[in-house]
Amino acid sequence: MADNAAGEHESFVDSVKEKISETFHGDDSSSSSDSDGKSKGKGKGKGKGKGKKSLSLSPMKEKVNRLFGKEKSVHEILGGGKPADILLWRNKKSSICVLGVATLIWALFEWIEYHLLSLLCHVLIIVLGIHFLWSNTFNVIYRCPQFPQVAIHEDTALQIASVLRFEINKSLVVLREIASGKDLKEFLAVIAGLWIVSIAGSCCNLLTLIYICFVLLLTVPLLYERQKDQIDVLIEKAEGELKKQYEVFHAKVLSKVPRGQKEKKFA
């Protein structure tokens, strides 16, 4: 009897242990599933939150009006090719050579007070002397090849003439439109530009003015390409200020100027 009672007690204890272990395992599995679901939900929520934060924290860039538009680069505006590479210093050797030649010419005419006619005559003397030595002395001693012939082809001359004709006619049409007075703002801008050029011409001669413009061509496009955003912002502010001043000038002066009125035709 004692053995039976001990066996029943042990079986009861084992069944209780199994039930307790089953309950703990069930709680663990349910808690793990809940935690997985929560973590997934949190992950989705975090993903959405991050997306919203990234959208909300993304910097709102102000729309700035580009000076030459957004689609074209400075290289394309300058026409592309070798001239644009020289102006933007992408071919540094060519840019340095061009700037050096321009500086040398300016220094000859300004510092040494050289004259254009004297320069042309001296260049012709040097060319003729080289050709004479090449043909009579060097060719006999060293058997040099013939002196290269220089000639302008008819097609090249016609192309240059057609381009000049087109540009001159285009400029005349533009001047005629400006002088007609259809756009008063453009007319005043051209007058102001010519007035500034006349002041600059009175301060320095034509060659110095051309040299200054040439140096500006070699520096301004490069600076604009590197500092495009800051320059566009400054230009936009300057345009806004000029528009305000023009409106004030128009209200105080231009609006009071009498204009010719068309006579009414009576039947």
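Only a predicted model underlies this, so the values are computations on that prediction, with no experimental measurement involved. Every heavy atom of this structure was used, including side-chain atoms; hydrogens, water molecules and symmetry mates were not.
In the hydrophobic clustering of ILVMFWY residues, with side-chain heavy atoms under 4.5 Å counting as a link, Trp111 and Val101 come out together. Each of Leu234 and Leu222 belongs to its own hydrophobic cluster when Ile, Leu, Val, Met, Phe, Trp and Tyr are linked at side-chain heavy-atom distances under 4.5 angstrom. Linking ILVMFWY residues whenever their side-chain heavy atoms come closer than 4.5 Å, directly or via other members, places Leu207 and Val98 in the same cluster. In the hydrophobic clustering of this structure, Leu223 does not group with Val233; members are Ile, Leu, Val, Met, Phe, Trp, Tyr whose side-chain heavy atoms approach within less than 4.5 Å, directly or through other members. Note: the hydrophobic cluster containing Leu119 also contains Ile105 (ILVMFWY, side chain heavy atoms under 4.5 Å, direct or indirect links).
Residues Tyr224 and Lys228 meet the side-chain proximity criterion, which asks for heavy atoms closer than 4.5 Å. At a threshold of 4.5 Å between non-hydrogen side-chain atoms, the residues Lys244 and Val248 do not count as touching. The shortest distance between side-chain heavy atoms of Val215 and Leu99 falls below 4.5 Å.
A search for ring pair (Phe, Tyr, Trp, His ring centres under 6.0 Å) contacts involving His122 returns Tyr114, not counting sequence neighbours. With sequence neighbours excluded, the residues that form a side chain to side chain contact (heavy atoms under 4.5 Å, CB included) with Ser180 are Glu177, Lys182. Legend: residues meeting side chain to side chain contact (heavy atoms under 4.5 Å, CB included) with Glu113, ordered by chain and number and at least two apart, are absent. A search for ring pair (Phe, Tyr, Trp, His ring centres under 6.0 Å) contacts involving Phe109 returns nothing, not counting sequence neighbours.
Listed by first and then second residue, the side chain to side chain donor-acceptor pair (under 3.5 Å) pairs involving residues 81-95 are His75-Asp85, Arg90-Glu225, Asn91-Ser94 (not counting sequence neighbours). Screening residues 98-108 for side chain to side chain donor-acceptor pair (under 3.5 Å), with sequence neighbours left out, gives Thr103-Tyr211, Trp106-Thr208.
The number of heavy atoms from other shown groups lying within 6.0 Å of CZ (Phe187) does not exceed 12.
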Could you pull out every donor-acceptor pair under 3.5 Å between side chains of residues 194-204 and any protein atom, sequence neighbours left out?
{"unit_1": "Ser198", "atom_1": "OG", "unit_2": "Leu194", "atom_2": "O", "d": "3.4"}
{"unit_1": "Ser198", "atom_1": "OG", "unit_2": "Trp195", "atom_2": "O", "d": "2.5"}
{"unit_1": "Ser202", "atom_1": "OG", "unit_2": "Ile199", "atom_2": "O", "d": "2.6"}

Which donor-acceptor pairs under 3.5 Å do the side chains of residues 125-132 make with protein atoms, sequence neighbours left out?
none

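Atoms CG and OG, from Asp155 and Ser162 in turn, are 10.5 Å apart once rounded to the nearest 0.5 Å. Taken from CG in Leu108 to NE2 in His115, the straight-line distance is 12.0 Å, to the nearest 0.5 Å. Taken from CD1 in Ile191 to CD1 in Ile178, the straight-line distance is 9.0 Å, to the nearest 0.5 Å. Atoms CD1 and CG, from Ile86 and Leu218 in turn, are 8.5 Å apart once rounded to the nearest 0.5 Å. Rounding to the nearest 0.5 Å gives a distance of 7.0 Å between CD1 of Ile160 and CD1 of Ile152. In this structure, CG in Asn169 is found 11.0 Å from CG in Leu164, a value given to the nearest 0.5 Å.
Other residues sharing the hydrophobic cluster of Leu242, ordered by chain and number and joined by side-chain separations under 4.5 Å: none, the residue standing alone. When hydrophobic residues (I, L, V, M, F, W, Y) are linked wherever their side-chain heavy atoms come within less than 4.5 Å, the members clustered with Val220 are Ile212, Leu216. Using a 4.5 Å cut-off between side-chain heavy atoms of Ile, Leu, Val, Met, Phe, Trp and Tyr, Ile168 falls into a hydrophobic cluster with Leu172. Here Val163 is tied to no hydrophobic group at all, with no ILVMFWY side chain closer than 4.5 Å.
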